[in-house]
Structure formats: structure tokens, C-alpha cells
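Read the structure below first, then the notes.
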2 protein chains.
Amino acid sequence: MTIAEVSKKIGLSPDTLRYYERIGLIPRVNRNGSGIRNYTEEDCKWIEFIKCMRSAGVQVEALVEYVTLLQQGDETIEARKQILIEQREKLLSRIEEMERALERLSFKIKEYETKLIPAENKLKRLAHNL
Amino acid sequence: MTIAEVSKKIGLSPDTLRYYERIGLIPRVNRNGSGIRNYTEEDCKWIEFIKCMRSAGVQVEALVEYVTLLQQGDETIEARKQILIEQREKLLSRIEEMERALERLSFKIKEYETKLIPAENKLKRLAHNL
DNA sequence: CCTTGACTTGGAGTTAACTCCAAGTATCAA
DNA sequence: TTGATACTTGGAGTTAACTCCAAGTCAAGG
């Protein structure tokens, strides 16, 4: 598969795909005789996983570390697992944070719906400062 | 309350508090005779709300827009409500995205736990490229 | 009176993660 | 053969959201 095909299939720009490879987030992709990338199914699956992680906010750095360990063989299994566990923790607490915000948003929206004008309307007294 | 007190109480740096005020995320805080900020309880409540939204990833831009409308009075109530609803949608879909990632992470971790070495170990064949 | 320390402002610098660009090469249709 | 198109690389530019800094002011302690 060419970079354009992978880009379309997965939904990451060619620039992003090349960038990911440069920084080691994607293991080096094989090239044909004239240096053009030829992605395998395996590459695609990995890229798709990376996309999923990135869109959830997992940091590039953590993923690069994981790939690096992956390429060092079986002695790194435990370290890799730890990375995954750590990232899961981070995701979980991030989701909790978002759910707290969600609740507050919903509460405010409800205030607006009941025409009970919300508390921060008191801030209006500050309007003359603008 | 001084900026140092608010900073400590809420957990945002004085620099961030000044920055938020500069860009209009916090309505202008009153100053004493010598130009030093004197935060009210109201200010604090608002800042705390902003912190909650920001830590959930709500964009500064949307919050600034909300504050701006707030200071324009009651004709903007509907517009403000729409902003809140839009942000709630965004948060929801973001949470869903993260939960998908969470599931994949958990699945991978389980693979590691059962010593069923994970699929991407096939990527190891690329290790010689490094 | 002088220094210390907390504050003020406007503006420059930083970080993560892209995103774009220039210069060069290869392939392919006309 | 000659563009046009798609790719290559390394490096520069962009964006959001801070974070830091320099230069200045002011109140309080010694």
C-alpha cells in the first residue's frame, strides 16, 4: 500500500504518517526500489492502533517508548506491560475529570432551561469594566 | 484575596491567572489603590469553574466566548446555552473516544497477563531495521 | 533612607504535535 | 521528450495554551 492509500484508509495525513515514522512511532516502513514506502497490512494495523491511542490523548512519547521496547525483543515484555497499565490509569483519571466537567455543564444547561438565570450572572456587574 | 492566595487556593499559577484575565477568560478583577488585584469570592467561583472546564479539555476560545456573551446581558442567554450544549456534546464524544482506547488498552494488557504474546510482536521482524 | 519582596505590565519564549515547504527524483501519459 | 504527478528528505513554520522575563512600582521592615 502506498502512503496515499494508507492515509485515506486510516485517516491520517501523509505528512503525519511520515512524521510518525521519523520519530519512531511507526517502525520503519519498507521501501520499493525507488525509495517509495510500501505499507503492509501489519503496518496498517499498528497505525490504526496508534491513531486510536492518539485520538484518546495518549502522548506520542509514551507510544514511542512502547515501540522502542517492542523492537528490543522479549526481555522488555514486562516494561511494555507497565507502560500500557500506566496509560490506562491516565486515561481513566482523565475520563473521570471529564465526567466531572460534564456534570457541571449539564447542571448549568438545566439552569438555562428552567429560566432560573444562572449564578454567574452576578458577574454581569463587572460588565462596565470592559 | 491576592493573586497568590487565589493561586494557592485554586491551583493555577499567578501567571496563568493573569493570562486568563488578559485574554478575557476571567472578567477584569478589581484592583486596589496601587493596582494590585483583589479577587472576590465570585471571582474565585468563576475561576474554579474555568479550571474544571479547562482540565476537561474545553477550549479556552469557547470559554472566552461564553464570558464575552455573559457580559453583554440577557439577550445572549440563548447563545450562551448553545455554547454549553455544544461543549457538552464535544465532551461526550471525547469520552467515548477515550473509552474505545481504554478497551483496546485493557485487551492488550490482558494479552500480556496471559503470556499470550501480543499480535504486534510480529513487528519485531522489523527490529533489524533500527 | 534603603533594601526586600510581592506585585504590575507587555512581550518574548516554550512545548507538543503536527503541518507545510523546498529541492530533488522517479514514473507515466501524450 | 516533456510535462504533470506523486513521492522522497530534512528542516522550517504553526497552533494552543501557557510560562517566563525585564523593567518598573509600591508598602513594610531594619
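Proteins come first, then strands; the chains are lettered A, B, ... in the order of their sequence lines, and each starts at number 1.
The side chain of B:Thr16 has D:dT19 as its nearest neighbour among D:dT19, C:dC18, C:dT8. Looking at the side chain of A:Ala4, the nearest of the listed nucleotides C:dC18, D:dC26, D:dC7 is D:dC7. Which of C:dC18, D:dC7, D:dA27 sits closest to the side chain of A:Thr2 comes down to D:dC7.
Looking at which nucleotide of DNA chain D each of B:Ser34 and B:Glu61 is closest to, the 5′-most match is held by B:Glu61. Nearest-nucleotide assignment on DNA chain C puts the 5′-proximal partner with B:Glu5, out of B:Glu5 and A:Ile36.
The closest side-chain donor-acceptor pair between B:Thr76 and B:Asp74, if any, does not fall under 3.5 angstrom.
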Using the 3.5 Å cut-off, write out each protein N or O paired with an N or O of nucleotides 11-15 of chain D and the distance between them.
from: D:dG11; atom 1: N7; to: A:Arg22; atom 2: NH1; distance (Å): 3.0
from: D:dG11; atom 1: O6; to: A:Arg22; atom 2: NH2; distance (Å): 3.2

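Regarding A:Tyr39, its OH atom lies at a distance of 11 Å from the C1' atom of D:dC7, rounded to whole Å. The separation between A:Asn32 atom CG and C:dT25 atom P is 16 Å, rounded to whole Å. Atom CG in B:Leu12 sits about 14 Å away from atom P in D:dC20, given to the nearest Å. Nucleotide D:dC18 holds its P atom 11 Å from the CD1 atom of B:Ile26, rounded to whole Å. Here C:dC18 presents its C1' atom at 15 Å from CD1 of A:Ile50, a figure rounded to the nearest Å. We find that CD1 of A:Ile3 is positioned 8 Å from P of D:dT9, with the value rounded to whole Å. Remark: P of C:dA16 and CD1 of A:Ile23 are 11 Å apart, rounded to the nearest angstrom. Distance, A:Glu21 CD to D:dG10 P: 11 Å, rounded to whole Å.
Checking the phosphate oxygens (OP1, OP2) of C:dC7, no side-chain nitrogen or oxygen of B:Arg37 falls inside 4.0 Å. At the phosphate of C:dC18, OP1 or OP2 sits under 4.0 Å from a side-chain N or O atom of A:Tyr20. Taking side-chain N and O atoms only, A:Ser13 has no distance below 4.0 Å to OP1 or OP2 of C:dC18. Here B:Arg31 reaches the OP1 or OP2 of C:dT9: one of its side-chain N or O atoms lies under 4.0 Å away. Contact annotation: B:Arg54 side-chain N/O to D:dA16 OP1/OP2 distance is not under 4.0 Å.
Between A:Glu5 and A:Lys8 there is no salt bridge, since no side-chain nitrogen of the basic residue lies less than 4.0 Å from a carboxylate oxygen of the acidic one. For A:Glu65 and A:Arg80, the salt-bridge test fails: no basic side-chain N is under 4.0 Å from an acidic carboxylate O.
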Donor-acceptor pairs under 3.5 angstrom involving side-chain atoms of residues 85-93 of chain A: please list them, not counting sequence neighbours.
from: A:Ser93; atom 1: OG; to: A:Glu89; atom 2: O; distance (Å): 3.4
from: A:Ser93; atom 1: OG; to: A:Lys90; atom 2: O; distance (Å): 3.2

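Just one of B:Leu17, B:Asp15, B:Ile23 meets the side-chain contact (heavy atoms from CB on, under 4.5 Å) condition when paired with B:Tyr19; it is B:Ile23.
Panel note: side chain A:Asn38, backbone A:Arg31; no donor-acceptor pair is recorded below 3.5 Å. When atom types are taken as modelled, the side chain of B:Arg54 and the backbone of B:Val58 share a donor-acceptor pair closer than 3.5 angstrom.
A:Glu21 approaches A:Pro27 most closely through the heavy-atom pair CG-O, 4.4 Å.
Nucleic acid contact for A:Arg18: base, since at least one base atom lies under 4.0 Å from a heavy atom of the residue.
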